[in-house]
Protein chains: 2
Amino acid sequence: MDDVDRILLTELQRDATQAYAALGKAVGLSAGAAHERVRKLRDQEVIRRTTVDVDPAAVGRGVAAFVLVEANAWMGDHPVREALEALPEVVEAHVIAGPASLLVKVRTATTEDLQASLRRLFAIDGVTGTQTIVVLESFFERPVDTRG
Amino acid sequence: MDDVDRILLTELQRDATQAYAALGKAVGLSAGAAHERVRKLRDQEVIRRTTVDVDPAAVGRGVAAFVLVEANAWMGDHPVREALEALPEVVEAHVIAGPASLLVKVRTATTEDLQASLRRLFAIDGVTGTQTIVVLESFFERPVDTRG
DNA sequence: ACTGAAAATGACAACTC
DNA sequence: GAGTTGTCATTTTCAGT
């Protein structure tokens, strides 16, 4: 992982469809050399996968919320994880240090669906309460900065 | 946007490197037809971009935190947005309804760097306080579900 | 890490339903 | 309007150096 790799990662985050020749040009390498570096980054799982960024509103997920989940027992175990993974509206789930046990990010079509989701979170074993933060506007959601 | 498009989106979220022939097979269409549908999804900006998912820990961003930012004035304006965009460790910024004005997601190398970031957030005009939720473990962070 | 060649793929066209 | 097949230019991939 040197500076060349970091630039390659930034370029791929910006546009993963560009040709290796273009990537190579961005770092002063040949297409083949750029290809080899990217292959290694994939092997090491620095690059976990190539994916597309989908507009949530366009697929009926225009409402976003963060939900602090309080529990009467340790929530950092696998049954809880699986229960959350089974909920398609839950896009992130984190074990946290702070005012609750978990923080989950939810995306739904409407606030009614958000309410339904909260009911489902409540139904998870050990959950004693939720505190919901509704997103009014997202300034940005961007990939991790690979430099700085 | 029909069910075929939704399956294409799910497939591309899972692996955007696969050939159009493979995409077509997944939905029972020819490579050309799959290509045409994906092109339209890009045109409509349902697909915003093709990108790579980078392991944050591998690029020195292994610490994640959510910061509730309290302010004495309306924070939903552009100078604030630009101030946040200028901070490379801030990966998300949302205007919220709830116990604060903004919620930002921060990724740093260490907790010392997190502390430095909080100082920088405090320095933004109008900010009167922060409440920090440190992530201990992330169960998952996944793309938005395009069906269900 | 570079170059060059072979194989695979993306992009585009003409045509059909 | 949407899909199929066929063609060609580009790109990826894999040698050898």
Side-chain angles (χ1 to χ4, degrees), chain A residues 1-62 88 109 141-148, chain B residues 1-61 142-148:
Chain A
M1 271 295 288
D2 58 9
D3 287 342
V4 170
D5 285 333
R6 287 179 210 281
I7 297 171
L8 288 173
L9 289 173
T10 302
E11 278 297 311
L12 286 170
Q13 284 174 334
R14 188 176 63 74
D15 176 14
T17 68
Q18 62 189 308
Y20 286 111
L23 279 175
K25 184 171 278 182
V27 294
L29 288 177
S30 69
H35 183 279
E36 176 66 5
R37 279 183 178 260
V38 173
R39 192 192 62 72
K40 282 178 183 163
L41 289 168
R42 288 186 202 280
D43 272 4
Q44 302 167 221
E45 295 194 271
V46 174
I47 296 174
R48 290 163 164 166
R49 63 174 168 176
T50 303
T51 186
V52 292
D53 179 19
V54 173
D55 178 10
V59 294
R61 300 268 180 199
E141 297 175 87
R142 63 187 177 193
V144 65
D145 182 75
T146 62
R147 291 177 280 187
Chain B
M1 271 294 290
D2 58 9
D3 288 341
V4 171
D5 285 332
R6 288 179 209 281
I7 296 171
L8 288 173
L9 290 173
T10 301
E11 278 297 310
L12 286 170
Q13 284 175 333
R14 188 175 63 74
D15 177 14
T17 68
Q18 62 189 307
Y20 286 110
L23 279 175
K25 184 170 279 183
V27 294
L29 287 178
S30 69
H35 184 282
E36 175 68 4
R37 278 182 177 260
V38 173
R39 191 193 61 74
K40 282 178 183 165
L41 288 168
R42 289 188 202 279
D43 272 3
Q44 301 167 223
E45 294 193 271
V46 174
I47 296 174
R48 291 163 164 165
R49 63 174 167 176
T50 303
T51 185
V52 292
D53 179 19
V54 173
D55 178 9
V59 294
R61 300 269 179 198
R142 63 187 177 192
V144 65
D145 183 75
T146 61
R147 290 177 282 185

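Residue numbers begin at 1 in each chain, while the letters A, B, ... track the order of the sequences.
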Quiz item: Within the pair B/Lys40 and D/dG1, is there a side-chain N or O less than 4.0 Å away from OP1 or OP2?
Solution: no
Quiz item: B/Arg42 has an atom CZ; how far is it from atom C1' of C/dA11, in whole Å?
Solution: 13 Å
Self-check item: Which nucleotide in C/dG10, D/dG3, D/dA2 has an atom nearest any side-chain atom of B/Ala19
Solution: C/dG10
Quiz prompt | CG on B/Leu12 to CG on B/Leu9, rounded to 0.5 Å | solution = 6.5 Å
Practice problem: Please report, rounded to the nearest Å, how far the P atom of D/dT10 is from the CD atom of A/Gln18. | Solution: 17 Å
Self-check item: Spacing of A/Glu36 atom CD relative to D/dA15 atom P, expressed in whole Å
Solution: 12 Å
Quiz item: Between C/dG10, D/dA2, D/dT4, which one does the side chain of B/Arg37 approach most closely?
Solution: D/dA2
Exercise. Can you tell me the distance, in whole Å, between the CG atom of B/Leu29 and the P atom of C/dT16?
Key: 20 Å
Quiz item: Are A/Thr146 and A/Thr10 linked by a side-chain donor-acceptor pair shorter than 3.5 Å?
Solution: yes
Quiz item: Could you state the NZ-C1' distance from B/Lys25 to C/dT9, rounded to the nearest angstrom?
Solution: 15 Å
Quiz item: Nearest to the side chain of A/His35, which nucleotide is it out of C/dC2, D/dT13, D/dT12?
Solution: D/dT13
Exercise. May I have the distance from B/Arg39 (atom CZ) to C/dC12 (atom P), rounded to whole angstrom?
Key: 9 Å
Self-check item: For B/Arg147 against A/Arg61, the heavy-atom pair lying closest together
Solution: O-NH2, 3.2 Å
Quiz item: Please give, in whole Å, the distance from D/dT5 P to B/Tyr20 OH?
Solution: 18 Å
Self-check item: Distance in angstrom units between B/Asp2 CG and D/dA2 P, rounded
Solution: 9 Å
Quiz item: Does the distance from a Lys or Arg side-chain N to an Asp or Glu carboxylate O, for B/Arg39 and B/Asp43, drop under 4.0 Å?
Solution: yes
